[in-house]
Colleague: 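First the structure, which I've put down as structure tokens, then a few questions once you've had a look.
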Amino acid sequence: MNRALAVFVFFGIGYFLSNFFRAANAVISGDLMRDLGLSAADLGMMTSLFYAGFAAVQLPLGVALDRIGPRFAVPALMSMTVVGCLLFATAMALPQVAVGRTLIGIGMAGNLMGAVKAFSAWFPPQRVATFTSLMVGIGALGALVAATPLAWLNQQFGWRNVFVGSAGVTLLSAGGIVLGTRNAPAGVLWRATSDVPDAGFAWIFRNPHFWRIAPLNLTLLGTTLAVQTLWAGPYLFDTLRLSSVEAGNLILIISAGVAAGYGSCGALADRFGARRVMTVSTLVFLAAQTPLLFPVPLPTIALAITFFLFGFSGAFSLLTLAQVRELFPPYMGGRAVTAVNLFGFGGATAIQWGMGVIISAFVQNDGGRYPVQAYITAFGTALALNVAALVWYLTPVSSGSEKRARAGGVEG
């Protein structure tokens, strides 16, 4: 039990840092644009590179998790974040800060996936979703630190010094995983052996249920992260003329919603079924985006409720990991969850960057602000993608496709 608790705590700390890094640019976006001479498209591209790096290593990460285990695979990646933080902190132009942001994303790519793999070995199967969502809910507090607290730290010390300090914290977290965790309890099968057939990614990508789930993760996680970790800030700056601290307070509400959603979605799925909970939460997510499409600025209380529901329901994308993990045997758990996570963070890259391209297509005013119509167009495009993904998710899988997928796994 003590070792299981250590696994929970140390991977939770790593995931806390991942949430901090992914959300940090929303609050410091104004300083980054001013200090580095970035446009909205530059900012969107650079920020999205966190997710591009994250997505790029998902498949090899899955193999590493299933072969050498999360205890060493995750800290090895985290060393890239240390380098990325230092490069980000010392950057003087877009190329350097872009490389730094990419390395930060690569380094954080294994924290949640490693936790899911480890939890599958350390906790009972019927409780993995609950423990995962609890850890993710606590880890999501990292995004809260990247809101108002980061705005204050930025004012006091500057964003460059914040990232230097973050490099040291990341190094300590990686050491904690190596020294404080193990891949699995003694006698628990966590990787394939010569006696266990292993069909690899081919089996995963032939499964028709996977292809119902992956696009929904792409749009849900992609839209949530695109808004929470970047475009909520410029939206509040440009349309409501809020200060960085005032915007940080509202971004804090999104992050609070995300933390609450992560913390509760696993227990709800264990009780009512993941598919049913995913469907209801996605409908709430669609409803929460709708008020942002109207040109009339919302009252602060209405905007706070909207942002909370947006973050809360968007966090239920976590359940796609549990749904995919249940489709395959435990020794394929690392590859199964990283395969679907590839779509989630690929979606974050494309949607966050795409929103920046859409917004940049509109003309800034004399004060350097984009018009509200730019944000309505960007948010409306994301909403349409989410509607299409939900319809596809609810489309039944034919019996013939399911039989072929099962046969492919057996033959593999």
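If you read the sequence from its start, that first residue is 1, and numbering goes on from there. Being a predicted model, the structure only gives us computed values, none of them experimental.
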Colleague: Which distance, rounded to the nearest 0.5 Å, do you find between the CH2 of W159 and the CG of N154?
Modeller: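 With rounding to 0.5 Å, CH2 (W159) is 9.0 Å from CG (N154).
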Colleague: For the residue pair F163 and F21, does the interplanar ring angle fall in the parallel (under 30°), tilted (30 to 60°) or perpendicular (over 60°) class?
Modeller: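 Tilted.
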Colleague: Any chance you could measure L61, atom CG, to R335, atom CZ, to the nearest 0.5 Å?
Modeller: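 It comes to 11.5 Å.
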Colleague: Do side-chain atoms of R182 reach the backbone of V7 as a donor and acceptor pair under 3.5 angstrom?
Modeller: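 Pair absent, no side-chain N/O of R182 close to backbone of V7.
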Colleague: Fit a plane to each ring of F328 and W203, take the angle between them on a 0 to 90° scale, and name the class: parallel (under 30°), tilted (30 to 60°) or perpendicular (over 60°).
Modeller: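 Ring orientation of F328 relative to W203: perpendicular.
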Colleague: Between I104, V83, T81, which is the residue that forms a side-chain contact (heavy atoms from CB on, under 4.5 Å) with T170?
Modeller: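 Option passing the side-chain contact (heavy atoms from CB on, under 4.5 Å) with T170: T81.
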Colleague: If the plane angle is over 60° it's perpendicular, under 30° parallel, otherwise tilted; pick one for F205 and F201.
Modeller: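 F205 and F201: parallel rings.
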Colleague: Go through it in stages, so that I can follow the logic: the residues are W211 and F343, the test is ring-ring contact (aromatic ring centres under 6.0 Å, His included), and I'd like the CA-CA distance, side-chain angles, deciding distance and then a yes or no.
Modeller: CA-CA 10 Å; W211 289 106; F343 284 83; 5.3 Å; yes
Colleague: What is the distance from atom OG of S133 to atom CG of L318, rounded to the nearest 0.5 Å?
Modeller: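 Going from the OG atom of S133 to the CG atom of L318 covers 6.5 Å.
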Colleague: Between Q352 and T229, does any side-chain donor sit less than 3.5 Å from a side-chain acceptor?
Modeller: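 A pair is found: one side chain offers a donor N or O, the other an acceptor, under 3.5 Å apart.
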Colleague: Please report the C-alpha distance between V136 and Y15 in whole Å, then the side-chain angles of each, then the deciding distance to 0.1 Å, and finally whether the side chain to side chain contact (heavy atoms under 4.5 Å, CB included) criterion is met.
Modeller: CA-CA 7 Å; V136 173; Y15 189 68; 3.4 Å; yes
Colleague: Do you know the tightest heavy-atom contact between G314 and T224?
Modeller: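 Closest heavy-atom pair between G314 and T224: CA-OG1, 3.3 Å.
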Colleague: Taking S281 for its side chain and M278 for its backbone only, find out whether a donor-acceptor pair lies under 3.5 Å.
Modeller: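 Flag set: sc S281 to bb M278 pair under 3.5 Å.
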Colleague: Just so I know, are the side chains of L38 and L94 near enough to count as touching, which here means a heavy-atom distance under 4.5 Å?
Modeller: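 L38 reaches L94 side chain to side chain.
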Colleague: Working to the nearest 0.5 angstrom, can you tell me the gap between F237 CZ and S243 OG?
Modeller: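 One gets 8.0 Å once the value is rounded to the nearest 0.5 Å.
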Colleague: Any side-chain heavy atom of F8 sitting closer than 4.5 Å to one from L134?
Modeller: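 Yes; the side chains approach each other to less than 4.5 Å.
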Colleague: What class does the angle between the rings of F308 and F312 fall in, given that below 30° is parallel, 30 to 60° is tilted and above 60° is perpendicular?
Modeller: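 The rings of F308 and F312 lie parallel, inter-plane angle below 30°.
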Colleague: Closer than 3.5 angstrom, by distance alone: can the side chain of T338 be matched with the main-chain N or O of Q58 as a donor-acceptor pair?
Modeller: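 Confirmed, T338 side chain pairs with Q58 backbone.
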Colleague: Do S18 and N111 pair up side chain to side chain, a donor and an acceptor below 3.5 Å, judged on atom types alone?
Modeller: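 Not at all, the side chains of S18 and N111 share no donor-acceptor pair under 3.5 Å.
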Colleague: Any side-chain donor-acceptor pair under 3.5 Å between D42 and S39?
Modeller: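 A donor-acceptor contact under 3.5 Å links the two side chains.
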Colleague: Is there side-chain contact between L225 and F50, with at least one heavy-atom pair below 4.5 Å?
Modeller: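 Not touching, per the 4.5 Å side-chain cut-off.
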Colleague: Below 4.5 Å, heavy atoms only, C-beta onward: do L383 and L286 meet side chain to side chain?
Modeller: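 Side-chain contact under 4.5 Å: yes.
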Colleague: Heavy atoms only: give me the nearest S48-W353 pair and the separation to one decimal.
Modeller: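 Minimum heavy-atom contact is OG-CB, 3.8 Å.
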Colleague: Sub-3.5 Å donor-acceptor pair from the side chain of N217 to the main-chain atoms of T320, do we have one?
Modeller: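 Judged by distance alone, no pair lies under 3.5 Å.
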Colleague: Could you check W122 against T181 for side chain to side chain contact (heavy atoms under 4.5 Å, CB included), going step by step and ending with a plain yes or no?
Modeller: CA-CA 11 Å; W122 283 97; T181 73; over 6 Å; no
Colleague: Do L268 and L319 have side chains that get closer than 4.5 Å, going by heavy atoms?
Modeller: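 Answer no - side chains too far apart.
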Colleague: Please determine if R275 forms a cation-pi arrangement with Y393, meaning its NZ or CZ atom is less than 6.0 Å from the six-membered ring centre and no more than 45° off the ring axis.
Modeller: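 Relative to the ring axis of Y393, which defines the angle, R275 lies inside both limits.
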Colleague: Let me confirm one number: the CG-CE distance from L172 to M78, rounded to the nearest 0.5 Å.
Modeller: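 The CE atom of M78 is 9.5 Å from CG of L172, to the nearest 0.5 Å.
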Colleague: Could you go step by step and tell me if F310 and I254 meet the side chain to side chain contact (heavy atoms under 4.5 Å, CB included) rule?
Modeller: CA-CA 7 Å; F310 176 89; I254 300 180; 4.2 Å; yes
Colleague: Is Y370 close to P234 at the side-chain level, that is, under 4.5 Å between some pair of heavy atoms?
Modeller: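 SC-SC contact between P234 and Y370 ruled out.
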Colleague: Could you tell me whether the side chain of F345 reaches within less than 4.5 Å of the side chain of L221, counting heavy atoms only?
Modeller: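 Yes, side chains in contact.
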Colleague: What residue among T223, I376, I358, I351 forms side-chain contact (heavy atoms from CB on, under 4.5 Å) with T381?
Modeller: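 That would be I358; it is the only one of T223, I376, I358, I351 passing the side-chain contact (heavy atoms from CB on, under 4.5 Å) with T381.
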Colleague: Keeping the roles fixed (side chain from R325, backbone from G334), state whether a donor-acceptor pair exists under 3.5 Å.
Modeller: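 Absent.
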Colleague: Go through the steps for F20 and F16 under the test ring-ring contact (aromatic ring centres under 6.0 Å, His included), then give the verdict.
Modeller: CA-CA 6 Å; F20 171 81; F16 178 98; 7.6 Å; no
Colleague: Please check this pair: side chain of S29 against backbone of A26, looking for a donor-acceptor N/O pair closer than 3.5 Å.
Modeller: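 Yes.
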Colleague: Using the ring-ring contact (aromatic ring centres under 6.0 Å, His included) rule, take F379 and Y235 through it: C-alpha gap first, then chi angles, then the decisive distance, then the call.
Modeller: CA-CA 10 Å; F379 289 178; Y235 172 84; 5.5 Å; yes
Colleague: Below 4.5 Å, heavy atoms only, C-beta onward: do L141 and Y262 meet side chain to side chain?
Modeller: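 No, every pair of side-chain atoms sits at 4.5 Å or beyond.
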Colleague: I'd like to know whether I28 forms a side chain to side chain contact (heavy atoms under 4.5 Å, CB included) with V162, so could you lay out the CA-CA distance, the side-chain angles of the two residues, the decisive distance to 0.1 Å, and finally the verdict.
Modeller: CA-CA 11 Å; I28 64 173; V162 169; over 6 Å; no
Colleague: By the definition side-chain contact (heavy atoms from CB on, under 4.5 Å), identify the one residue from N207, L394, T395 that meets it with R212.
Modeller: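 Looking at N207, L394, T395, the match for R212 under the side-chain contact (heavy atoms from CB on, under 4.5 Å) is T395.
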Colleague: Closest approach of I251 and A147, non-hydrogen atoms and distance?
Modeller: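 Nearest heavy atoms, I251 then A147: C-CB, 4.3 Å.
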Colleague: Taking everything shown except R369 itself, do over 12 heavy atoms lie less than 6.0 Å from its CZ?
Modeller: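 Yes, the 6.0 Å shell around CZ holds more than 12 heavy atoms from other groups.
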Colleague: Do you know which of V99, T102, V97 makes side-chain contact (heavy atoms from CB on, under 4.5 Å) with F88?
Modeller: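 The option that passes is V97.
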Colleague: Specify the closest pair of heavy atoms between A121 and N183, including all atoms of both residues, with the distance to one decimal.
Modeller: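 Nearest pair, atom of A121 first, then N183: CB-O, 3.8 Å.
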Colleague: If every non-hydrogen atom of M108 is compared with every non-hydrogen atom of G14, which pair is closest and at what distance?
Modeller: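 Reported closest heavy-atom pair: SD-O, 4.1 Å.
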Colleague: Roughly how far, to the nearest 0.5 Å, is the CZ atom of R22 from the CD atom of Q228?
Modeller: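 It is 8.0 Å, given to the nearest 0.5 Å.
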Colleague: Can you give me the closest heavy-atom contact between M46 and A98, atom names plus distance?
Modeller: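 Looking at all heavy atoms of both residues, the shortest contact is CG-CA, 3.9 Å.
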